[in-house]
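In what follows, a structure is listed as structure tokens, so that the remarks can point back to it.
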Amino acid sequence: MKQYIIDAFTDTLFSGNQAAVCILDEWLSDETMLLIAKENNLSETAFLVKQKIKNVYKLRWFTPGGEIDLCGHATLACAFVVMNYYEKNLKTLIFDTLSGELTVNRKNKNLYELDFPVYDLKKIEITDEIVELIGKKPIEVYLGRDLMCVFDDEEFILNANLDSEKIKKLDGLLLHITAQHSNSNLDYKIKNKIDKIDCISRSFAPKLNIYEDPVCGSGHCHIAPYWMKKLQKENLIAYQASERSGTLYCTLADNGRMKMSGKATLFAISEIFI
């Protein structure tokens with residue numbers, strides 16, 4: 001069985017978010033797929049099985065902690081693998097997933113546009129417990145699938161050193177911390193030099209046995225719609241300020257879904273013997 005390691009939401013090796021992509025002829029057991037994900041010890045291992053319908057693949061995502069219902073960077077990685085190594089003439093892919101059908105369009109040689117759902121965000125009270133567990137008071141807190149805390153301090157986003165056990169006590173599957181990008185003095189800390197970054201964020205997932213998700217696509221189904229509304233922008237450039245870092249280009253479609261574009265690059269191809 002072939003496995004590809006892809007750096008997603010970047011075109012530079014050793015940055016972005018790593019995903020393993022396994023191409024299967026038929027499904028392995030859930031236990032085996034979870035063991036492979038644990039062995040890889042990446043934030044995501046994706047498993048693909050081609051369907052009889054043209055350009056449709058069944059897709060499942062596993063973290064070291066279990067199966068997950070949505071993952072942006074691994075979907076991007078899967079599209080990159082299929083369109084570059086299996087069906088090079090394809091311009092559109094459809095993935096059948098736990099989150100329904102997800103479409104990926106190849107926009108140019110190395111830019112892939114993902115069609116993703118948007119999470120319904122509920123504004124919640126900023127409790128003393130949230131402040132104590134995170135270590136700084138946010139200006140707003142929202143809950144969708146994940147918990148999103150909004151700050152007015154970019155330095156905090158860049159330098160936050162959060163405690164995994166404390167994060168596990170918070171609501172939501174993941175924790176996202178985010179701020180508007182407005183301070184040009186922080187540009188020297190940003191690896192990928194981009195002219196106009198609208199927001200920065202970081203994502204933490206200790207409930208899935210991952211301390212920090214380097215670039216979280218599903219997280220930006222929370223983050224990007226918030227900042228689009230706040231900044232009154234139709235298009236948003238989002239920067240994930242993890243150590244590896246990555247960039248997401250986001251647009252809200254007329255149907256309310258998220259168009260999220262990014263680049264990817266190949267790190268390794270290997271074989272798994274089971």
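These values consider heavy atoms only, across backbone and side chains, with no hydrogens, waters or symmetry-generated copies. Because the structure is a prediction, the values reported are computed rather than measured.
Residues I130 and P138 share a closest heavy-atom pair of CG2-CG, 4.4 Å. Smallest separation of non-hydrogen atoms from M148 and L121: CE-CD1, 3.9 Å.
Of the possible polar contacts, none joining the H220 side chain to the M260 backbone as a donor-acceptor pair under 3.5 Å is found. Between the side chain of T32 and the main chain of L28, no donor-acceptor pair closer than 3.5 Å is present. With hydrogens and angles disregarded, a donor-acceptor distance shorter than 3.5 Å links the side chain of Y211 to the backbone of L162. Between the side chain of S99 and the backbone N or O of D69 there is at least one donor-acceptor pair closer than 3.5 Å. Listed for the S245 side chain is no donor-acceptor partner under 3.5 Å among the backbone atoms of S242. For R244 (side chain) and G16 (main-chain N/O), a donor-acceptor pair under 3.5 Å exists by modelled atom type. No donor-acceptor pair under 3.5 Å is formed between the side chain of N105 and the backbone N or O of L114. Looking at N255, its side chain does come within 3.5 Å of a backbone N or O of R257 through a donor-acceptor pair.
Side-chain polar atoms of H176 and S203 form a donor-acceptor pair below 3.5 angstrom. Counted by atom type alone, T178 and S201 present zero donor-acceptor pairs between their side chains at under 3.5 Å. In this model, a donor atom of one side chain and an acceptor atom of the other lie less than 3.5 Å apart for E154 and H181. Counting only N and O atoms by type, the side chains of T265 and D11 include no donor and acceptor under 3.5 Å apart. Checking N17 against Q240 by side-chain atom types alone, no donor-acceptor pair falls below 3.5 Å. No side-chain N or O of W61 forms a donor-acceptor pair with one of T45 less than 3.5 Å apart.
Classification of E87 and K50 as a salt-bridged pair holds, one side-chain N sitting under 4.0 Å from a carboxylate O. Taking a cutoff of 4.0 Å between a charged side-chain nitrogen and a carboxylate oxygen, K230 and E140 qualify as a salt bridge. Between D213 and R202 there is no salt bridge, since no side-chain N of the basic residue sits under 4.0 Å from a carboxylate O of the acidic one. A salt bridge links D30 with R60; the closest basic N to acidic carboxylate O contact falls under 4.0 Å.
Cluster membership for V131 and F204, using ILVMFWY side-chain heavy atoms within less than 4.5 angstrom, is shared. A chain of hydrophobic side-chain contacts below 4.5 Å, direct or via other Ile, Leu, Val, Met, Phe, Trp or Tyr residues, connects L42 to F14. One hydrophobic cluster holds both I36 and W27 under the rule that ILVMFWY side chains link at heavy-atom gaps under 4.5 Å. Note on L70: it clusters hydrophobically with I210, by side-chain heavy-atom contacts below 4.5 Å among ILVMFWY residues. Cluster membership check: I269 shares its hydrophobic cluster with L76, using side-chain heavy-atom separations under 4.5 Å among Ile, Leu, Val, Met, Phe, Trp and Tyr.
Atom NZ of K137 has 12 or fewer neighbouring heavy atoms from other residues, nucleotides or ligands inside a 6.0 Å radius. More than 12 heavy atoms of other residues, nucleotides or ligands lie within 6.0 Å of CD in E67, so this atom counts as buried by the packing criterion. Counting non-hydrogen atoms of neighbouring residues, nucleotides and ligands closer than 6.0 angstrom, the CG atom of N108 exceeds 12 such neighbours. Atom CD1 of I53 sits in a sparse spot, with 12 or fewer heavy atoms from other residues, nucleotides or ligands closer than 6.0 Å.
The CZ atom of F62 sits 6.5 Å away from the CG atom of L34 when rounded to the nearest 0.5 Å. Considering NZ of K2 and CD of E271, their distance stands at 6.5 Å, rounded to 0.5 Å. Taken from CG in N41 to CD in Q18, the straight-line distance is 10.5 Å, to the nearest 0.5 Å. Atom SG of C250 is separated from atom CD of E234 by 14.0 Å, given to the nearest 0.5 angstrom. The NZ atom of K107 sits 14.5 Å away from atom OH of Y249, with the distance rounded to the nearest 0.5 Å. How far NZ of K38 is from OG1 of T63: 9.5 Å, rounded to the nearest 0.5 Å.
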Go through T92 and R106 one step at a time and tell me if the side chain to side chain donor-acceptor pair (under 3.5 Å) criterion holds. CA-CA 6 Å; T92 300; R106 190 171 193 167; over 6 Å; no
Applying side chain to side chain contact (heavy atoms under 4.5 Å, CB included), run through S270 and Q3 and close with a yes or a no. CA-CA 5 Å; S270 61; Q3 176 172 271; 3.8 Å; yes
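Close placement of the Y119 and H222 rings is indicated, their centers lying within 6.0 Å of each other.
Looking at C78 and F95, their side chains come closer than 4.5 Å, going by heavy atoms from C-beta outward.
Between F151 and F156, the ring planes are tilted. Angles from 30° to 60° get that label.
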